[in-house]
There are 2 protein chains.
Amino acid sequence: MVLTRKTPTIQDVALRAQVSSATVSRVLSAPERVSEKTRERVNAAVRDTGYSINQAARSLRMKTARTLLMVAPNIGNPFYSVILDAVIDEAQKRGYGVLVGTNIGLDPGRWLTDYLLSTRADGLLLFHGGLDPEDLHTFAREEGISLPVVASYDEPPAPLVTSVVTDNRAAAARAVRYLMQLGHTKIGHLAGPVRNNRPNERLLGFEEAMTAANLPLNPAWILPGNYDQPGGIAAARAILALTERPTAMFCGNDESAFGFIHGLREGGVECPRDISVIGFDDVGQAEIYHPTLTTMRQPREDLGRVATRRLIDIIEKRETPTDPVHVVLPAELIIRESTRALDSSGR
Amino acid sequence: MVLTRKTPTIQDVALRAQVSSATVSRVLSAPERVSEKTRERVNAAVRDTGYSINQAARSLRMKTARTLLMVAPNIGNPFYSVILDAVIDEAQKRGYGVLVGTNIGLDPGRWLTDYLLSTRADGLLLFHGGLDPEDLHTFAREEGISLPVVASYDEPPAPLVTSVVTDNRAAAARAVRYLMQLGHTKIGHLAGPVRNNRPNERLLGFEEAMTAANLPLNPAWILPGNYDQPGGIAAARAILALTERPTAMFCGNDESAFGFIHGLREGGVECPRDISVIGFDDVGQAEIYHPTLTTMRQPREDLGRVATRRLIDIIEKRETPTDPVHVVLPAELIIRESTRALDSSGR
DNA sequence: TTGTACGCGTTATCAG
DNA sequence: CTGATAACGCGTACAA
């Protein structure tokens, strides 16, 4: 741009208001420490000059960026995007910006360095199950640096890291029990990915509920998935190839459930007529899919908001990161069309 | 955190490598200007100290943040989240971070100030149709500041602003012509929102195609929408209340098409049996919805990548913002189940 | 090829 | 209540 004018600094404002730059700074950050008269003069000068604070200078001086880094495996998944929306909104309310990163599970040290240690972000919102927060913590400890982080995903929370999660295991068990209530005994599970070498919590909940009800776990009905549509379709094909099929399926999340139902339909098997399906998350599509999807609703917006608030509290030392808090939010069973009661004939 | 150690600076590295801080700086930004021997010594020192650059100091000095601001109306919409994914990836490749903002259409001046003028972001990726880029430009001009911005959405591109868009009007007309090819003449449209007082391009394309084919525009079949599911459901109810209904509907985007189909079904009207529906975007769900959705595919990932590249080019002065480029990407007709040919009886 | 020294725009400390 | 001044950590003339 041609007529680029030097953007006004705090000095320019000070000059115009006939005060020192220190006073301007005070008006901006602690107005009560300045007399009413000068305060007004300064504010007028701010308006006149069109002054706006230089974040870089401020960050350099304060050693804080007023920015959060959110990391999620795949923003393209509607599950995360709603969370991101909430995070942005909540962060903005407290004067923080939100930087977003994906696919950075490869070299944690490197991007952690790039963002957190470089005064680009003050804290980390970890929605990425592929990254072990404990590792991060040990890494940070070795480096001797502070690392405010809040984790939120479906693995069991690492004890050392503040976390905000839904009780995945309990919710999964609840989903399975609902299928049982409908009379199903031949129940399968489309599992999510295994991360950090820890068992998937929803799978554990599934097994727990089945065992508690003395129902057999048929290995052929427990299929690996990746929380995505293709995984659901593949699982459907596997089920279609079986001579003995489950009458109900608990899918690890909604995306995979949609894929699963679609895959079944391609093979002439209808949901819920032939197989009942229950999902997990309650994304927007669940309500208008055909059939509408029975699912365990995760309070996604709350997840995002609470995690953001806690992280900012940690950053601003309102909360001590050495004594991590683990917030558990409840999931809710949402009954729709994709599940039906087994009639007496066992069909 | 307790044992917080001072993070190493360029000085610490210099000390250890027995060179001056200037040399370290050079090794980092222009390695070829340093002799091989010292370069190696410095690199070793960087590793040893665990040094990482302080972005704040760098930004202050360079007057650049190496950060992009992406603004979209609603990240929760899967359409945008895929774009965001591409933007992040592309930006990262060129060493830029991505800050995300939403709901900031309220006071453009204010947040523009907060982000762009405060060295938080170097440029603006505008996916928000509710914001007029021309206004932004005039605002920036009045302020006498440079404002690198690339716009991308479904309104006609503002001449002064570099833009990357799909040819919405042509694509809309193509969609409508496809319905005609199937024998439909009673065609309705579920429109998107009107923004910046400019007519919606997809609506124009619809009207264009209808007029060109000498087909009547029935006002009762042209319904207002908002590119979302509830709008689609409401439109379906309106159509259901009619005695004479269209045999085909062109929906402004996929989200609203899903809602529309769902709403019809609730009223006992089936797609495509009773009404054919074509959408716009080709979001992930389109492929597994029931019925799978015929739609105009927008190259979302390309949209994000190209826009990002152009913006960075502008920022780095490889491209002049005073002579804006308008990139138009083609949309592709994806034929699936939600549209069917009208049989001879006219049903 | 390398070193010295200054300034980017803030905030915090210390006097007054 | 206000002003002078010293950092914060980096890049870059300019000099050697």
Side-chain angles (χ1 to χ4, degrees), chain A residues 4-43 45-46 49-66 95 113-114 116-120 122 145, chain B residues 4-43 45-46 49-66 95 113-114 116-120 122 145:
Chain A
T4 300
R5 191 186 60 194
K6 191 178 158 302
T7 73
T9 78
I10 211 171
Q11 301 287 350
D12 301 325
V13 178
L15 219 65
R16 190 175 235 282
Q18 313 265 40
V19 295
S20 76
S21 62
T23 302
V24 177
S25 177
R26 276 190 282 261
V27 171
L28 264 34
S29 51
E32 70 281 2
R33 300 188 57 77
V34 176
S35 79
E36 173 124 21
K37 276 189 63 174
T38 50
R39 196 192 314 157
E40 279 172 11
R41 237 183 26 254
V42 170
N43 280 326
V46 167
T49 54
Y51 169 78
S52 68
I53 203 165
N54 182 323
Q55 265 298 333
R58 179 179 238 258
S59 295
L60 174 58
R61 183 62 227 238
M62 312 267 289
K63 294 177 179 313
T64 174
R66 289 198 84 75
T113 291
D114 281 4
L116 279 308
L117 306 189
S118 65
T119 337
R120 274 174 99 124
D122 305 317
I145 53 157
Chain B
T4 300
R5 189 188 61 193
K6 190 176 161 303
T7 74
T9 78
I10 211 172
Q11 301 287 351
D12 301 325
V13 178
L15 219 65
R16 189 175 239 279
Q18 313 265 42
V19 295
S20 77
S21 62
T23 302
V24 178
S25 177
R26 277 190 279 260
V27 170
L28 264 35
S29 49
E32 71 280 3
R33 300 189 57 77
V34 175
S35 79
E36 173 123 19
K37 275 189 63 175
T38 49
R39 196 193 311 158
E40 277 172 12
R41 239 186 21 256
V42 170
N43 281 327
V46 166
T49 53
Y51 170 79
S52 68
I53 203 162
N54 182 324
Q55 263 299 331
R58 179 178 238 261
S59 295
L60 175 58
R61 182 65 231 245
M62 311 274 283
K63 294 176 180 313
T64 176
R66 289 197 86 74
T113 292
D114 281 3
L116 279 308
L117 305 190
S118 63
T119 337
R120 275 176 97 125
D122 305 317
I145 51 155

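Every chain is numbered from 1 and lettered A, B, ... according to where its sequence line falls, protein lines coming before strand lines. Please read all numbers here as calculations on a predicted model, not as lab measurements.
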Once you round it to whole Å, what is the distance between [atom2] of [N] and [atom1] of [X]?
X: Arg120(A); N: dG9(D); atom1: CZ; atom2: C1'; value: 16 Å
X: Gln18(A); N: dT2(D); atom1: CD; atom2: C1'; value: 14 Å
X: Arg58(B); N: dG7(C); atom1: CZ; atom2: C1'; value: 17 Å
X: Leu28(B); N: dC10(D); atom1: CG; atom2: P; value: 9 Å
X: Gln11(B); N: dT4(C); atom1: CD; atom2: P; value: 11 Å
X: Arg33(A); N: dT2(D); atom1: CZ; atom2: C1'; value: 11 Å
X: Ile53(B); N: dG11(D); atom1: CD1; atom2: C1'; value: 9 Å
X: Glu40(B); N: dT1(C); atom1: CD; atom2: P; value: 15 Å

Please determine if a side-chain N or O atom of [X] lies less than 4.0 Å away from the OP1 or OP2 oxygen of [N].
X: Ser59(A); N: dT10(C); answer: no
X: Lys63(A); N: dG9(D); answer: yes
X: Thr23(A); N: dG3(D); answer: yes
X: Ser35(A); N: dT2(D); answer: yes
X: Ser20(A); N: dA4(D); answer: no

Closest to the 5' end of DNA chain D, once Glu36(A) and Met62(B) are matched to their nearest nucleotides, is Glu36(A)
>> Tell me whether the side-chain N or O atoms of Arg26(A) pair up with the base of dG3(D) as donor and acceptor below 3.5 Å, since no angle test is needed here.
In response: yes
When you measure only distances, ignoring hydrogens and angles, does the side chain of Arg61(A) come within 3.5 Å of the base of dA12(C) through a donor and an acceptor?
no
Have a look at Thr38(B) and say if it touches a base, only the backbone sugar-phosphate, or nothing, with a 4.0 Å heavy-atom cut-off.
sugar-phosphate
Hey, does Leu60(A) reach any base, or is it just sugar-phosphate, or nothing, if we go heavy atoms under 4.0 Å?
-> base
Does a side chain donor of either Asp122(A) or Thr64(A) reach within less than 3.5 Å of an acceptor in the other side chain? yes
Picking from dC1(D), dT10(C), dT12(D), the nucleotide nearest the side-chain atoms of Ser25(B) would be dT12(D)
Sorted by position of nearest nucleotide on DNA chain C, 5' first, the leading residue of Ser21(B) and Ser21(A) is Ser21(B)
Run Val19(B) and Arg41(B) through side-chain contact (heavy atoms from CB on, under 4.5 Å) and show every step you take. CA-CA 9 Å; Val19(B) 295; Arg41(B) 239 186 21 256; 3.4 Å; yes
Notebook entry, point to check: Under the 3.5 angstrom rule, does the side chain of Ser25(A) hit a backbone N or O of Ser21(A) as a donor-acceptor pair?
Noted result: no
Looking only at heavy atoms, the pair that brings Ala65(B) and Ser59(B) closest together is CA-OG, 3.6 Å
As a quick check of understanding, evaluate side-chain contact (heavy atoms from CB on, under 4.5 Å) for Arg39(B) and Arg26(B), giving each step before the final call. CA-CA 9 Å; Arg39(B) 196 193 311 158; Arg26(B) 277 190 279 260; over 6 Å; no
